[in-house]
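Before any comments, here is the structure.
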Amino acid sequence: MDIRLRDLGQHKILEIYGDVDLYNVGELKKAIFDLIEKEEVKSLVIDLKAVPYMDSSGIGALVAGQKKMKLRGGKFALMHLQDDVFTMLKLATLDRFFTIYESETQLQGVA
Amino acid sequence: MFVVRHNFQVDVKEIPKVKSFVESTLSNWGVSREDLDDIVLACDEAATNIILHAYGPVDEARRKSDTIELTLRKKRNVVEVILRDRGISFDMAKVPLPDIRLNLAGKRRGGFGVHLMRSLMSRIRYQCRDGENRTILLKRLSS
């Protein structure tokens, strides 16, 4: 898994590359938690355009990230979900739990 | 009928190997992409559960000596997956549906994996006999 960070206006965008499963989910969790704890992040967006596969370990990391971010009064969202990952979130009944953006244009339209 | 079997170490680093093994086998058997994706994810979740729950409290030496045996069988339009391990008994049938409110309140962790398996497969069963756990997943193929 490869993880890159970039800024987009007020948003911190965490780009994830590759499958997310139990083997590497620790890297994703650490990246999310480090950002939330060490930086003044008001809006964290997880960009999943390069994630073709995610299992429930990944779901757990995203749920934990959203919980931590909300406790700090920040925003947490997902962006660019591939079909299979979106289907998996739907099966887990979490598609309405997360704020999901289809594009950066849609994200930037958010105040 | 097609049958293949492979043993995996009880280690998180084996999860990508489980996925790769199931994917390449089912692909060779001509299983459709849609069904294949479902079965790969279900196998990943089953192996993840075994590593986290059946072997979570188990000491390192036993983890290293034990294995997870994964059998794939295809007969007509049904794929059967059997995962055998000798960890602590973990009955998936008793895992309640995930409840995101309880998760957020810190009153419960996970539950999504078992729910995913139930959603993806036609049937899941669990047996524990003579210290051996068997997780059995059945998928009736759509094509």
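Just so you know, these numbers come straight off a predicted model, no measurement behind them. In what follows, every chain begins at residue 1, and chains take the letters A, B, ... in the order their sequences are listed.
- Once rounded to the nearest 0.5 Å, the distance linking CG of Asn24(A) with CD1 of Ile15(B) reads 10.5 Å.
- For a residue to count as touching a neighbouring chain, one of its non-hydrogen atoms must lie under 4.5 Å from one of that chain's; by this rule Leu41(B) touches chain A with backbone and side chain alike.
- Phe2(B) and Leu70(B) end up in the same hydrophobic cluster when Ile, Leu, Val, Met, Phe, Trp and Tyr side chains are linked at under 4.5 Å.
- The minimum heavy-atom distance between Leu116(B) and Met88(A), with the atom names listed, is CD2-O, 3.7 Å.
- Side-chain heavy atoms closer than 4.5 Å link hydrophobic residues (I, L, V, M, F, W, Y) into clusters, and following such links, possibly through other members, connects Val4(B) to Val31(B).
- Surrounding CD of Glu40(A) are at most 12 heavy atoms belonging to other residues, nucleotides or ligands under 6.0 Å away.
- No other option in Leu71(A), Asp55(A), Asp19(A) has as many heavy-atom pairs under 4.5 Å with chain B as Asp55(A).
- Taking hydrophobic clusters as Ile, Leu, Val, Met, Phe, Trp and Tyr residues chained together by side-chain heavy-atom distances below 4.5 Å, Phe86(A) shares a cluster with Val63(A).
- Contact check for Tyr53(A) versus Asp37(B): no side-chain heavy atoms found under the 4.5 Å cut-off.
- Linking ILVMFWY residues whenever their side-chain heavy atoms come closer than 4.5 Å, directly or via other members, leaves Ile82(B) and Ile39(B) in distinct clusters.
- Using a 4.5 Å cut-off between side-chain heavy atoms of Ile, Leu, Val, Met, Phe, Trp and Tyr, with links allowed through other members, Phe97(A) and Val114(B) fall into the same hydrophobic cluster.
- Atom CZ of Arg96(A) has 12 or fewer neighbouring heavy atoms from other residues, nucleotides or ligands inside a 6.0 Å radius.
- For Asp2(A), the CG atom is densely surrounded, since the number of other residues' heavy atoms within 6.0 Å is greater than 12.
- In Arg72(A), the CZ atom is crowded: over 12 heavy atoms of neighbouring residues, nucleotides or ligands sit closer than 6.0 Å.
- Expressed to the nearest 0.5 Å, how far CE of Met117(B) lies from CG of Leu91(A) amounts to 13.0 Å.
- Using non-hydrogen atoms only and a strict 4.5 Å limit, the part of residues 45-65 of chain B facing chain A consists of Glu45(B), Thr48(B), Ile51(B), Leu52(B).
- Using a 4.5 Å cut-off between heavy atoms, Met54(A) touches chain B through its backbone atoms (N, CA, C, O) alone.
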